[in-house]
Every structure is written in structure tokens, then in C-alpha cells.
Amino acid sequence: MLQQTPVVRVLPIWREWLDRWPTPADLAAASPAEVVRAWGRLGYPRRALRLHAAATEIAENHGNRVPEDHAELLDLPGIGSYTAAAVAVFAFGQHYTVVDTNIRRVHARLFSGKALPSKSLTAAETRLADQLMPEGREDSVKWNQSVMELGALVCTARAPKCDDCPVFDQCAWIAAGRPEPDYVPKGQSWHGTDRQVRGAMMAVLRHSPAPIPVDLLLTDRAGAEQLAARMERPEQETTDMLEKLWSLPAPPEQRERAFQGLVRDGLASRQGDEASLPG
DNA sequence: TATTCGTGGCA
DNA sequence: TTGCCAAGAAT
């Protein structure tokens with residue numbers, strides 16, 4: 001849940017999930033549709049499916065206990081290098097190097113003298129993180145957590161609070177005179193993209209208690225008016241979501257592509273002329 | 001290595 | 001208001 005998502009937004013959903021599905025087997029017993037609905041608006045709904053798939057593997061192949069072994073964690077769906085290390089360290093107290101976006105930024109500034117870490121995780125960054133981490137097992141837990149917190153609360157991406165920084169005097173970026181980033185991070189586009197259309201379609205599918213005619217999902221506002229004449233009107237809340245979807249400035253081929261993407265990712269299923277969340 | 005994939009708060 | 005960006009993973 002925390003992958004690319006702020007902690008404060010995750011907390012309430014996380015509590016709901018643990019309350020509803022206390023063990024991996026409980027989550028595995030739920031349907032993908034239930035899981036995606038419970039995911040709500042956390043974003044990147046594929047993560048919900050992968051978490052469900054991971055729970056299924058854990059229930060079936062790991063005795064319903066989250067594996068402590070780093071390699072076994074890494075084998076689970078949706079678990080990559082960061083999450084495997086984070087679970088091994090923070091849940092089981094093991095000695096692994098955690099490299100998340102906060103830690104990368106702290107290292108870039110404090111030790112490399114750069115404003116931002118490189119675009120994608122490099123071998124050099126991993127090497128640096130490994131070298132910096134203390135050898136002791138308990139110290140490694142404190143270290144990973146501390147550097148992460150420093151990045152999240154003080155050494156932030158925008159407007160870092162250098163006045164409050166405990167290692168201000170040792171910072172290579174400060175010493176270098178706070179140089180600008182050596183590249184321009186290109187922001188994630190949104191308006192007019194497939195993700196925007198996918199998001200609007202997912203909102204419809206999450207809200208609809210019944211399967212939705214695919215035509216309603218793929219049309220624009222003009223087409224919707226024509227369809228309304230020969231189609232039963234969905235309930236109000238679903239209609240509100242459909243209105244948002246129809247109002248997007250997306251050509252028919254983009255809507256089709258977005259829907260097919262959802263089907264391919266297992267987030268939507270199509271039966272005949274109707275679409276719904278996957279059973 | 002570079003892209004793709006949601007959502008919402010905040011500057 | 002617009003753009004940035006957040007405990008990344010898969011391909």
C-alpha cells in the first residue's frame with residue numbers, strides 16, 4: 001500500500017484491511033472484486049490484485065505466515081527490492097539495506113552533493129547505501145528507519161528544512177552551495193492520458209453494484225445521449241461516475257485501449273456486452 | 001534503462 | 001490554478 005503512496009493516505013485503509021482480513025488466508029478468500037473495492041481510491045489498483053495474489057501464495061505455500069526469508073519475500077507478487085528489504089528489516093529485524101525514495105534523496109544530498117537522486121535506482125546508489133549502513137543487526141534497523149524519516153520529514157523533495165537538519169554541517173549538497181538538479185524531472189502527465197481514462201473507468205466499476213454495459217463505458221457524452229434512449233439508466237451514484245468518464249476529452253480508440261488495458265491487467269472483466277470488476 | 005501505472009494534498 | 005510528488009514494481 002505504501003508503494004508510491006503517502007503514509008497518511010494509507011493508514012485508514014490499512015486499518016480497515018487488517019480488521020477485515022486479519023491473516024493472509026482471510027484476504028485470499030476474498031474475491032478480486034471485493035479487494036479492489038476495498039482498495040478504494042488509494043491509486044494503482046494493480047497493487048490490490050498483487051497483494052491479493054501474494055496473500056494467496058502465502059496462505060497456500062507458506063503456512064499462512066509471511067515468510068521471513070528475503071528471497072522468498074522477493075518471489076511474492078508485487079514485492080520488489082524495496083518492499084522485500086523493508087519487511088525483512090522492519091518486521092523481522094534482519095540486516096538488509098532499504099533504499100526508498102527518501103533514503104535515495106538523503107544520500108544524494110548528504111554524500112553525493114546533488115539536489116536529487118538519479119532518475120532510476122543505480123548500482124552506485126545501492127553500493128553507497130550498503131557501505132553506509134552499520135554492521136550491527138539492530139543498528140541497521142535504526143539506521144534504515146532514521147534515514148528514511150530524515151528524508152520524509154526534513155530532507156524533503158521540495159523546500160527541505162535545512163535549518164532543522166541534524167547533519168547540516170556534514171551535507172555535501174550544502175557545502176557545494178545547493179546546486180540545482182542536473183536534470184529536469186519530467187512530471188507524470190495526467191490530463192488526456194490513458195491513466196486518466198482508466199481511473200475514471202475504475203471509479204465506475206467500483207461504484208456500480210451491477211455489471212455495466214460496455215457501450216456505456218466506451219462512449220463519450222454525445223454517444224451517451226444516444227444510448228440513453230434505448231438503455232436502462234444506472235443508479236444515480238454510478239451515473240455520476242459515468243458522467244465524469246464521458247466528459248473526458250478522449251477519442252473512442254483511447255477509451256477502447258484503456259478498457260482493454262484494464263482487462264489485460266485483470267482489473268476489469270467482460271462478459272458479453274457487460275463489464276464489471278473481476279469476480 | 002525507460003515507461004507505464006492513480007490519486008490527492010500542497011506550494 | 002498548475003505542477004510536483006509520494007515507504008515502487010513490472011515489463
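The basis for the numbers below is simple: all heavy atoms, side chains too, and nothing from hydrogens, waters or symmetry mates. Chain A is the first sequence line, chain B the second, and so forth, proteins listed ahead of strands; every chain is numbered from 1.
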Listing request: all side chain to side chain donor-acceptor pair (under 3.5 Å) pairs with a residue in residues 240-261 of chain A, at least two apart in sequence or in separate chains. A:D194-A:Q254, A:D194-A:R257, A:R221-A:E243, A:Q236-A:D240, A:E256-A:Q260
Restricting to pairs with a member in residues 153-162 of chain A, which pass side chain to side chain donor-acceptor pair (under 3.5 Å), not counting sequence neighbours? none
Using a cut-off of strictly less than 4.0 Å between a heavy atom of the residue and any atom of DNA chain B, enumerate the qualifying residues of residues 191-201 of chain A by number. A:R195, A:R198, A:G199
Can you list, in residue-number order, the parts of residues 87-99 of chain A that come under 4.0 Å of DNA chain B, counting heavy atoms only? none
Among pairs that include at least one residue of [range], which meet ring pair (Phe, Tyr, Trp, His ring centres under 6.0 Å), considering only residues two or more places apart or in two chains?
| range | value |
| --- | --- |
| residues 43-77 of chain A | A:H70-A:Y96 |
| residues 6-35 of chain A | A:W17-A:W21, A:W17-A:W39 |
| residues 131-176 of chain A | none |
| residues 115-141 of chain A | none |

For A:L42, which contact category applies under a 4.0 Å heavy-atom criterion: base, sugar-phosphate, or nothing? base
Could you list the residues that satisfy salt bridge (Lys or Arg N to Asp or Glu O under 4.0 Å) with A:E34, not counting sequence neighbours? A:R20
Residue pair A:T83 / A:Q3, side-chain donor-acceptor N/O under 3.5 Å: yes
Name every residue in residues 106-133 of chain A that has at least one heavy atom under 4.0 Å from any atom of DNA chain C, in order of residue number, or write none if there are no such residues. none
Between A:K186 and C:dG3, does any side-chain N or O lie under 4.0 Å from OP1 or OP2? no
A:W190 has an atom CH2; how far is it from atom P of C:dC5, in whole Å? 18 Å
Which pairs, with at least one residue in residues 118-134 of chain A and sequence neighbours excluded, count as a salt bridge (Lys or Arg N to Asp or Glu O under 4.0 Å)? A:R104-A:E125
Distances for protein N or O near nucleotides 9-11 of chain B N or O, under 3.5 Å:
from: B:dG9; atom 1: N2; to: A:R158; atom 2: NH2; distance (Å): 3.4

Side-chain heavy atoms of A:V141 within contact of A:H95, under 4.5 Å: no
